[in-house]
Number of protein chains: 2
Amino acid sequence: MEEHNRENHILSTQAIKRMPYYLQYLKKLAGEGIEIVSAPSIAAHFNFTEIQVRKDFSAVSTTKGKPKSGFTVKELIYDMESILGYHSVNQAVLVGVGQLGRALLSYRGFENYGLKIVVAFDQDPETAGSKIAGVNVFASEKISDLCRRMNIPIGIITVPETAAQTVCDQLIAGGVKAIWNFAPVHLSVPQNILVQNENMAASLALLSKHLEEKIVSE
Amino acid sequence: MEEHNRENHILSTQAIKRMPYYLQYLKKLAGEGIEIVSAPSIAAHFNFTEIQVRKDFSAVSTTKGKPKSGFTVKELIYDMESILGYHSVNQAVLVGVGQLGRALLSYRGFENYGLKIVVAFDQDPETAGSKIAGVNVFASEKISDLCRRMNIPIGIITVPETAAQTVCDQLIAGGVKAIWNFAPVHLSVPQNILVQNENMAASLALLSKHLEEKIVSE
DNA sequence: CATTATTCGATATCATTATATCGATATGAT
DNA sequence: ATCATATCGATATAATGATATCGAATAATG
């Protein structure tokens, strides 16, 4: 007799990226009092295929969908939030308190995504010592030491590209496990460290390519 | 007799995303006076395979690489910049002058990527009428009209998620061809309009998934 | 001037991701 | 109760993207 547990359904990288979109929409539906939702209706909203939606859901959901009706909105929300780690909060530090750094510090929404920026760093002695959006800013020399002592798993890099690799090395020296990199450079890191690049130049590349209409689809 | 022109080599979406990284590195090399570069050396730097680098290069380059030596740095830079449209400048408007909007307006680096933000919009009557980083801010009601009159191809959305679809519709009504969306929502648009999402929640999802070590590679 | 080592380009294979097909099951209508 | 229909899950196929293989080219070396 076969056992059907969730572990068979693997969650691909692409699927993970779609989760926040599903989640946002499901929460909106829940807010409107909708309790059951079908894969085809979700697919219609996002312009996905219903098969893809069904697969994505089955990869994260602990319960099955019901033929002819669909999935329970609340359960989907709960399951996705669990999978994405929104129920536990990860602490992060941010390095580089320029315009972008300040914007990220001021964006309180991250806590909904399980991320809390607890400390920031900046090279400028003026900025270091100040407090931005309730977060203390320290001098960059203290990165490694503080990260290690506070056992911080995530580092956010919002420094100019020339400083990015140095900062990255300091974060890793401080024991950080994952790096969210907003500098438009490639960072060299050891195997076990994840670098998540938020490279706007890359997005822009797709944009302008589209405007030239020579692109090959996605 | 077969003709070998560049048109055979198609440029995939993923390859386009890699271009800004190559470009950044190639420019650094050029700054150091390096004139020739090989695929294996580039691959080593990025932790890519040399085959991938070679394929990417051959998809954009007008000239061929030379066995035993490599590619001409200058030519690669020129070809990539052309492909990515950095030589011509696209005008854009930005809607939503909050923290993030201000950060983007202040970031002058976009002009290197062929993007120039010429006008901004905001709902708040205080903000509208002001000037941020040299860019005039107008009231949101004027979006469609101004975009159409100035023939703007790109709209940047940095408003809260509740307002994003409305703004999106206004931009499209104004004739915008591509949208760079920083709001964490799916936008519904006609077929011919490109939406490039810059969803930090999606990146965060991958980050925290990695921290749980349950992820399935990339 | 022949030999060797390195890189190139083209074609082939493999991996990942997305879509299509189809039988099974639940809901609502007759 | 039976039938029609919408949706489900599972398996199969297709598309996209990454990697491996291999002969050809060229620069450096003896």
Side-chain angles (χ1 to χ4, degrees), chain A residues 1-19 21-22 34-73 75-76 202 206 209 215-218, chain B residues 1-19 21-22 34-73 75-76 202 206 209 215-218:
Chain A
M1 187 178 281
E2 283 288 333
E3 275 218 31
H4 273 278
N5 60 5
R6 186 102 295 80
E7 306 309 315
N8 308 341
H9 301 256
I10 48 129
L11 192 51
S12 71
T13 304
Q14 299 305 314
I16 293 174
K17 288 196 205 167
R18 285 189 290 271
M19 291 302 154
Y21 288 95
Y22 291 135
I34 294 170
E35 296 184 348
I36 306 280
V37 73
S38 72
S41 76
I42 297 273
H45 176 259
F46 286 107
N47 243 347
F48 295 165
T49 64
E50 60 177 85
I51 303 115
Q52 185 168 60
V53 174
R54 222 174 277 130
K55 270 199 159 177
D56 287 346
F57 284 10
S58 83
V60 296
S61 181
T62 48
T63 59
K64 291 199 162 196
K66 251 191 185 174
K68 192 69 197 277
S69 46
F71 301 79
T72 311
V73 174
E75 285 178 359
L76 282 176
L206 285 174
K209 205 76 198 59
I215 194 170
V216 191
S217 88
E218 159 127 19
Chain B
M1 188 176 282
E2 283 287 332
E3 275 216 32
H4 273 276
N5 59 5
R6 185 104 294 79
E7 306 309 316
N8 307 342
H9 300 257
I10 47 130
L11 192 51
S12 73
T13 303
Q14 299 305 315
I16 293 173
K17 287 195 205 167
R18 285 188 290 270
M19 291 301 153
Y21 288 95
Y22 291 134
I34 295 170
E35 297 186 346
I36 305 282
V37 72
S38 72
S41 77
I42 297 273
H45 177 258
F46 286 107
N47 243 344
F48 295 165
T49 64
E50 59 177 87
I51 303 114
Q52 184 169 60
V53 174
R54 223 174 275 130
K55 267 198 161 178
D56 287 346
F57 284 9
S58 84
V60 296
S61 180
T62 48
T63 59
K64 290 199 163 195
K66 249 191 186 176
K68 193 70 197 276
S69 46
F71 300 81
T72 311
V73 175
E75 285 179 359
L76 282 176
L206 284 174
K209 207 75 195 61
I215 193 170
V216 190
S217 86
E218 161 125 18

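Residue numbers begin at 1 in each chain, while the letters A, B, ... track the order of the sequences.
- Rounded to whole Å, the distance from CZ on Phe57(B) to C1' on dG9(C) is 15 Å.
- Lys55(B) has its NZ atom 11 Å from the P atom of dT19(D), to the nearest Å.
- Closest non-hydrogen pair, Leu11(B) versus Ala59(B), comes out as CD1-CB, 4.0 Å.
- If you take CZ of Arg54(A) and P of dT25(C), they are 16 Å apart, rounded to a whole angstrom.
- Here the closest non-hydrogen pair linking Ser69(B) and Ser38(B) is O-CB, 3.5 Å.
- Going from atom CD1 of Ile42(A) over to atom P of dA6(D) covers 19 Å, rounded to whole Å.
- Atom-to-atom distance recorded for Lys64(A):NZ and Phe71(A):CZ is 10.0 Å, nearest 0.5 angstrom.
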Give every pair of a protein N or O atom and an N or O atom of nucleotides 24-28 of chain D that lie under 3.5 Å apart, one pair per line with the distance.
unit_1, atom_1, unit_2, atom_2, d
dA27(D), OP1, Lys66(B), NZ, 3.3
dA27(D), N3, Lys68(B), NZ, 3.4

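- Ile36(A) has its side chain out of reach of Val73(A): every pair of non-hydrogen atoms, C-beta onward, lies at least 4.5 Å apart.
- Contacts between residues 43-52 of chain A and DNA chain C, defined by a heavy-atom separation under 4.0 Å, are made by Thr49(A), Ile51(A), Gln52(A).
- The residue Ala15(A) sits apart from the nucleic acid: no heavy atom pair falls under 4.0 Å.
- The CG atom of Leu206(A) sits 5.5 Å away from atom CD1 of Ile16(B), with the distance rounded to the nearest 0.5 Å.
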Let me have the donor-acceptor pairs involving side chains of residues 45-57 of chain A, under 3.5 Å, with sequence neighbours excluded, atom names and distances please.
unit_1, atom_1, unit_2, atom_2, d
Thr49(A), OG1, Gln52(A), N, 3.2
Glu50(A), OE2, Arg54(A), NH2, 2.4
Asp56(A), OD1, Arg18(A), NH2, 3.2
Asp56(A), OD2, Arg18(A), NE, 2.7
Asp56(A), OD2, Arg18(A), NH2, 3.4
Asp56(A), OD2, Tyr22(A), OH, 2.6

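- Set against dC8(C), dG17(D), dA10(D), the side chain of Ser12(B) has dG17(D) as its closest nucleotide.
- Straight-line distance from the CD1 atom of Ile36(A) to the P atom of dG28(C): 11 Å, rounded to whole Å.
- Atom P of nucleotide dA15(C) and atom CD of Gln14(A) are separated by 18 Å, given to the nearest angstrom.
- Every side-chain hydrogen bond (donor to acceptor under 3.5 Å, both in side chains) that Glu75(A) has, sequence neighbours left out, goes to Thr63(A).
- Atom-to-atom, CZ of Arg18(B) to C1' of dT19(D) comes out at 12 Å; the value is rounded to the nearest Å.
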